[in-house]
Number of protein chains: 2
Amino acid sequence: MPNSDPPSDTRLMFELFNEIGIIEQLSRTAFEAVMTDGMTLPQFSVLNHLVRVGDGRTPLAIARAFQVPKTSMSHTLAKLDQADLIEMRPNPEDGRGKLVFITAKGRAARESAIHALAPEIAQILPVFTVQEAAALLPGLRKLREFLDKARDPL
Amino acid sequence: MPNSDPPSDTRLMFELFNEIGIIEQLSRTAFEAVMTDGMTLPQFSVLNHLVRVGDGRTPLAIARAFQVPKTSMSHTLAKLDQADLIEMRPNPEDGRGKLVFITAKGRAARESAIHALAPEIAQILPVFTVQEAAALLPGLRKLREFLDKARDPL
DNA sequence: TCCATATAGTACGATTTCGTATCATATATA
DNA sequence: TATATATGATACGAAATCGTACTATATGGA
């Protein structure tokens, strides 16, 4: 009978992606449990991105930053817009396009979320230290960059 | 004016979770692009789990293994059952429960998926080595275990 | 035994994700 | 300039996710 097991290299990579998937799952659930308003992880991620790298970006650029389909980002942005956390203005340099700006309310919502998150982060750090987190980042970035290059363009 | 930036420890943790989220996103998309039948990542993960740790497990145990809500797992199992990739039998030890068994067709589907994945894995490995993957795993497991303990029970 | 409570699983519905199709505008080429 | 093609964004619909509520069975205590 044929050996049905994948080679051990493959097994290891499966396990890596499996751990990553479970962490994503758990961290998303933990995040959304802490948010009192209905703020979702994608929504917060976008607000945080706009503050960190600056607003006035196009929806497509934001979709690429998170590697999600532009239709998914369109939905997230529509929700943020409805809640007045961002503002969508026409792009003066491209009549087809728009630019996304975070509002004062959006900044406040981001800060409120960060405050709500602080105790959770504080709980993690004694067990899983900043050093350990920092040690993981280069490898994860490298993996992400590989997958990024290998993918079909969004 | 107040400083709106989170402390650098928090920033670092955000970045860690952000990288993990993006990798999850990219790997899921890459996986599903390669599958010719409609096999999804959750479906494959369940089949693979049943082969690796053995079948005859309850739906709830499987949901816990992947840290997803039992209603989500119920949906995934229903799809696998419709496709005859698994079989759900009553649990002889618990009249409320069921046991999940992988079928011959399910084993074949798993192996076919692994074969379809092999070239992708082979592309990663020269760039992102087994050693690098192995180096990440202990830290990721530790983080996953922490989040697991901290969460509300499923 | 009887009843209260807990647990396994699913039905259902709200929301999210995301692929396809579409529209509007931009860009390139003749 | 005129036309073809490419691109930004959204509408729409199918499928996945997951919370709430429900059913059926199990378990523990009076």
Side-chain angles (χ1 to χ4, degrees), chain A residues 21-22 24-33 35 37-46 56-83 86-100 151-154, chain B residues 21-22 24-33 35 37-46 56-83 86-100 151-154:
Chain A
I22 293 176
E24 199 280 334
Q25 170 75 29
L26 289 169
S27 62
R28 170 183 300 248
T29 303
F31 176 93
E32 285 168 12
M35 294 299 122
D37 46 5
M39 172 103 57
T40 63
L41 185 55
Q43 286 173 18
F44 170 77
S45 299
V46 168
R57 301 181 178 259
T58 67
L60 189 56
I62 300 170
R64 287 201 175 113
F66 290 100
Q67 301 294 4
V68 296
K70 62 182 179 174
T71 56
S72 305
M73 185 52 67
S74 194
H75 180 263
T76 302
L77 292 174
K79 287 291 174 182
L80 287 169
D81 195 24
Q82 283 165 30
I86 61 168
E87 215 182 328
M88 311 264 292
R89 302 183 201 153
N91 184 345
E93 297 183 356
D94 188 333
R96 299 164 301 179
K98 298 188 178 174
L99 297 179
V100 179
R151 88 186 191 288
D152 287 331
L154 238 44
Chain B
I22 292 176
E24 199 281 333
Q25 169 74 31
L26 289 169
S27 62
R28 170 183 300 249
T29 303
F31 176 93
E32 285 168 12
M35 294 299 122
D37 47 6
M39 171 102 58
T40 64
L41 185 56
Q43 287 172 18
F44 171 76
S45 300
V46 168
R57 298 178 180 263
T58 67
L60 190 56
I62 300 170
R64 287 201 176 111
F66 291 100
Q67 301 293 2
V68 296
K70 61 180 179 173
T71 56
S72 305
M73 185 52 66
S74 194
H75 180 263
T76 301
L77 292 175
K79 287 290 174 184
L80 287 169
D81 196 23
Q82 284 165 30
I86 61 168
E87 216 182 326
M88 311 264 292
R89 302 183 200 152
N91 185 346
E93 297 185 354
D94 187 333
R96 297 165 301 180
K98 299 187 178 173
L99 296 180
V100 177
R151 87 186 192 290
D152 288 330
L154 238 42

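Each chain gets a letter, A, B and so on, in the order its sequence line appears, and its residues count up from 1. All values derive from a computational prediction rather than experimental measurement.
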Could you walk me through whether Phe31(A) and Met39(A) pass the side-chain contact (heavy atoms from CB on, under 4.5 Å) check? CA-CA 9 Å; Phe31(A) 176 93; Met39(A) 172 103 57; 4.2 Å; yes
Rounded to whole angstroms, how far apart are CD on Gln43(B) and C1' on dA16(D)? 10 Å
May I ask you to decide if Leu41(B)'s main-chain N or O and Glu32(B)'s side chain share a donor-acceptor pair within less than 3.5 Å? yes
Using a 4.5 Å cut-off on heavy atoms from C-beta on, say whether the side chain of Pro92(A) contacts that of Leu99(A). yes
What integer distance in Å separates Arg28(B):CZ from dA15(D):P? 17 Å
State which residues pass side chain to side chain donor-acceptor pair (under 3.5 Å) with Gln25(B); sequence neighbours excluded, sorted by chain then number. none
Side-chain contact test, heavy atoms from C-beta onward, threshold under 4.5 Å: evaluate it for Leu77(A) versus Val100(A) and give yes or no. yes
Identify, between Thr76(B) and Gly95(B), the residue whose nearest nucleotide on DNA chain D lies closer to the 5' end. Thr76(B)
Take nucleotides 4-15 of chain C nucleotide by nucleotide from the 5' end and write B, S or -, depending on whether a protein heavy atom sits under 4.0 Å from the base, only from the sugar-phosphate, or from neither. --BBSBBB----
Non-hydrogen side-chain atoms of Ile86(B) and Met88(B) separated by less than 4.5 Å: yes
Rounded to whole Å, CD of Glu93(B) lies from C1' of dT25(D) at a distance of 15 Å
Whole-Å distance, Gln67(A) CD to dT17(C) C1', equals 16 Å
Listed nucleotide nearest any side-chain atom of Ser72(B), set dG19(C), dT17(D), dA16(D): dT17(D)
Let me know the distance between CD of Glu32(B) and P of dC18(C), rounded to the nearest Å. 9 Å
What nucleic acid atoms does Gln25(B) come within less than 4.0 Å of, heavy atoms only: base, sugar-phosphate, or nothing? sugar-phosphate
Without decimals, in angstroms, what is the distance between Leu41(B) CG and dA15(D) P? 19 Å
